[in-house]
Amino acid sequence: MAQKKLSGEVFLPSKAVIEKATVKDWDVLNKRAQEDYEGFWSAEAENLHWFKKWDKVLDESNKPFYKWFTGAKTNIAYNCLDVHLTTWRRNKLAFFWEGENGDFKSYSYYYLNKYVCRFANILKSMGVVKGDRVTIYMGRVPELVFAMLACARLGAIHSVVFGGFSVEALHERLEDSKSKVLIVSDGSYVRGKIVDLKGIADEALARAATVEHVVVVKRTGHDINMEAGRDYWYHELCALPMGNQGCEAEVLDAEDPLFLLYTSGTTGKPKAILHTHGGYMVGTYASLKYVFDIHEEDRYWCAADPGWITGHSYIVYGPLLNGATSFMYEGAPSHPYPNRWWQLIEKYGINILYTAPTAIRGLMKYGDAWPQRHDLSSLRLLGTVGEPINPEAWKWYHRVIGRGECPIMDTWWQTETGMFMITPMPCVPLKPGSGGRPFPGLIMDVVNEDGESVKANEEGFLIIKRPWPSMMRTIYNDPERYVNQYWSRYPGYYLTGDSARRDEDGYYWIIGRVDDVIKVSGYRLGTAEIESALVSHTSVAEAAAIGLPHEVKGNAIHCFVILKEGVEATPQLGEELRKHVGHEVGPIARPENIEFVSSLPKTRSGKIMRRVLKAKALGVDPGNLSTLEE
Ligand code: PRX
């Protein structure tokens, strides 16, 4: 098909890329999906295993609580493991792992299944049954993957808490989910140092009451406290006879919950996004297959953390559903030297690398010589996610890491969407800084305050106009908030919380969040979490947090603090408060800067006007001030 001439700077796929690509014409696939949306998704579902097929593909009888594949019976863990065991993939590498200290482990599908069954039996022996919640708090180690799949196998609901979070963040998530079991590693390695995860967990457990048992995975081997009757070493449990039996996957309803993942929202405490077995499985399977076009011989590396949605969908579930071989690395990109990743790509012959703009910018700053010392010619496709990528970083990634030959999949999506929503495919012409068009079949729009589509290149609110299989089903414990936050602003349409523009070619350009979410190094944090950590300090009366542009992190957190009567504002106190936020929420939330002030701009109803603080800090016009108190 003749390509329409596209506006702006465009990178066309090479002949070699098109030859290898499974989808050679995006428009054909999109047309098929648009014309028969349910048919498109049911055809994808047919590629997976169902104990019983669905009666209906999409059930819209109780909007916005959409259901997918109703009446069907399945289990995502069965589709990740068991289905491969009767084929040649039984002996294929499911994933291989390298530790920050150079440790190496690898797992065939056969072997991975053994570990998962054993872990499932351990959980069963602790009384975990279908519907129970299990919290997982670990570094990037293989046992994290076993634990997630073990829960899925039993129909228990996992809630993974990112290993970079700290005491209060973990406590809040344990409490809200009412988890019965916590799976934790003794510690994790971060840039050569040990983070005492078990110590943090002990502090959080002292504040949370529902956890009956704790499974402790030994990773760092440093001294920790083990509470008799509550805490058990994983390796000791593995040695028990029950550990070696198989474990049948529970036959589950397609709509049975698979996991909770807490994420920051507009106000208040983090909310638990709920995903289900059936629809999430179909969405992650199909999206990864089409976008990263994984071939049997490929070695795929998603360098995210399993504690975030990117890790859930595209380190764990998506790759295993596709029978792929993936790589997982424990450490940071630039430790001990800025060539660590490039070394790994060369050593293992990685073909596909999926990472975030903050990592790309962080590595770019060390110059071209580091990657150029390595043979990166195995790379065929690159990917990015988490925040807008600036064209300069895009071009560096393309030219230096991708030799000017690897297309970059800039994938826009969210914890809530479960799968890629705006994304190119290898055969699609690319524009640096844009993720291109919506995934085949989806309908998205950019609208103004009144819900009318804005003109090409005008900024507006990004919305999604059609349900999709891997959409969140609700906010756990708070269905009302689900309706209000996502479906009420433009009734019938899903509000993403992002602003964007769409150009004359239909390519979307994400501008950023329009709510009180701050993206720091691609991590999603809420101003409310940071502020409540600050006011939990005895010296603080009130606090406001905003994000300001940062060269590597995308955004950095700046806080304004009103101290209690009689407390003196000193640089030492500022430092103490930064540390306090790090201790309560996690090191990623530690503010860049704390400014002591005597008042904060508020609306007449008492809400802090963060946009006024931000405009002042940036020296720009604060806009409409009619609601300002004084
Ligand atoms: O603002 C968008 C940004 O990340 C938000 C979702 O964050 P989270 O739920 O943590 O999921 C991140 C990983 C999927 C979005 O609302 N975002 C994500 N991907 C992109 C992006 N912004 C621009 N370009 C992207 N590719």
Side-chain angles (χ1 to χ4, degrees), residues 160-162 164-165 259-266 270-275 280 283-284 287-288 291-292 302-318 354-361 382-391 393-394 397 408-424 430-439 444 446 459 461-464 470-472 475 485-486 494-502 507-526 529 547 553-555 588-589:
V160 181
V161 177
F162 171 53
F165 275 133
F259 65 83
L260 306 178
L261 192 53
Y262 285 83
T263 193
S264 306
T266 311
K271 52 199 174 178
I273 306 299
L274 185 134
H275 283 286
Y280 175 81
T284 51
S287 54
L288 184 64
V291 175
F292 281 109
C302 168
D305 195 283
W308 299 86
I309 192 68
T310 309
H312 280 54
S313 300
Y314 299 115
I315 292 181
V316 182
Y317 292 111
Y354 185 31
T355 183
T358 187
I360 300 163
R361 289 191 296 259
L382 300 172
T384 166
V385 61
E387 54 178 320
I389 181 162
N390 44 315
W394 192 101
Y397 194 31
I408 298 176
M409 305 296 105
D410 179 353
T411 59
W412 177 93
W413 57 297
Q414 306 178 301
T415 308
E416 292 88 336
T417 70
M419 61 173 257
F420 308 141
M421 300 302 279
I422 296 174
T423 176
L430 303 171
K431 300 189 188 190
S434 165
R437 292 162 291 179
F439 188 81
M444 301 184 64
V446 179
E459 184 176 345
F461 302 103
L462 181 67
I463 61 167
I464 308 174
S470 65
M471 62 199 298
M472 70 186 290
I475 295 177
Q485 187 159 335
Y486 299 103
Y494 171 90
L495 184 73
T496 64
D498 277 16
S499 68
R501 56 189 182 81
R502 185 174 44 199
Y507 277 49
Y508 284 73
W509 300 76
I510 305 296
I511 295 159
R513 299 290 308 189
V514 284
D515 53 12
D516 294 327
V517 166
I518 309 177
K519 279 273 173 164
V520 182
S521 300
Y523 295 128
R524 180 164 162 181
L525 295 167
E529 286 161 273
K553 298 179 186 173
N555 293 289
I588 45 162

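Here the structure is a predicted model, which is why all the values come from computation and not from measurement. Remember, it's 1-based here, ligands and their atoms both numbered in the order they're listed.
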* Asked: What are the two closest non-hydrogen atoms of Ile422 and Gly436, and how far apart are they?
  -> CG2-O, 3.4 Å

* Any luck finding a side-chain donor-acceptor pair between Tyr314 and Ser287 under 3.5 Å? -> yes

* Under 3.5 Å, is there a donor-acceptor pair linking the side chains of Thr496 and Tyr486? -> no

* Asked: Can you name the side chain to side chain contact (heavy atoms under 4.5 Å, CB included) partners of Ala356, sequence neighbours left out?
  -> Thr358

* To do: Only counting residues at least two apart or in another chain, list the ones meeting salt bridge (Lys or Arg N to Asp or Glu O under 4.0 Å) with Arg361.
  => Glu387

* Report the residues that fulfil side-chain hydrogen bond (donor to acceptor under 3.5 Å, both in side chains) with Trp509, sequence neighbours left out, ordered by chain and then residue number. => Asp503

* **Residue shell around ligand 1, heavy atom under 4.0 angstrom** => Ile309, Thr310, Val385, Gly386, Glu387, Pro388, Asp410, Thr411, Trp412, Trp413, Gln414, Thr415, Asp498, Ile510, Arg513, Lys519, Arg524

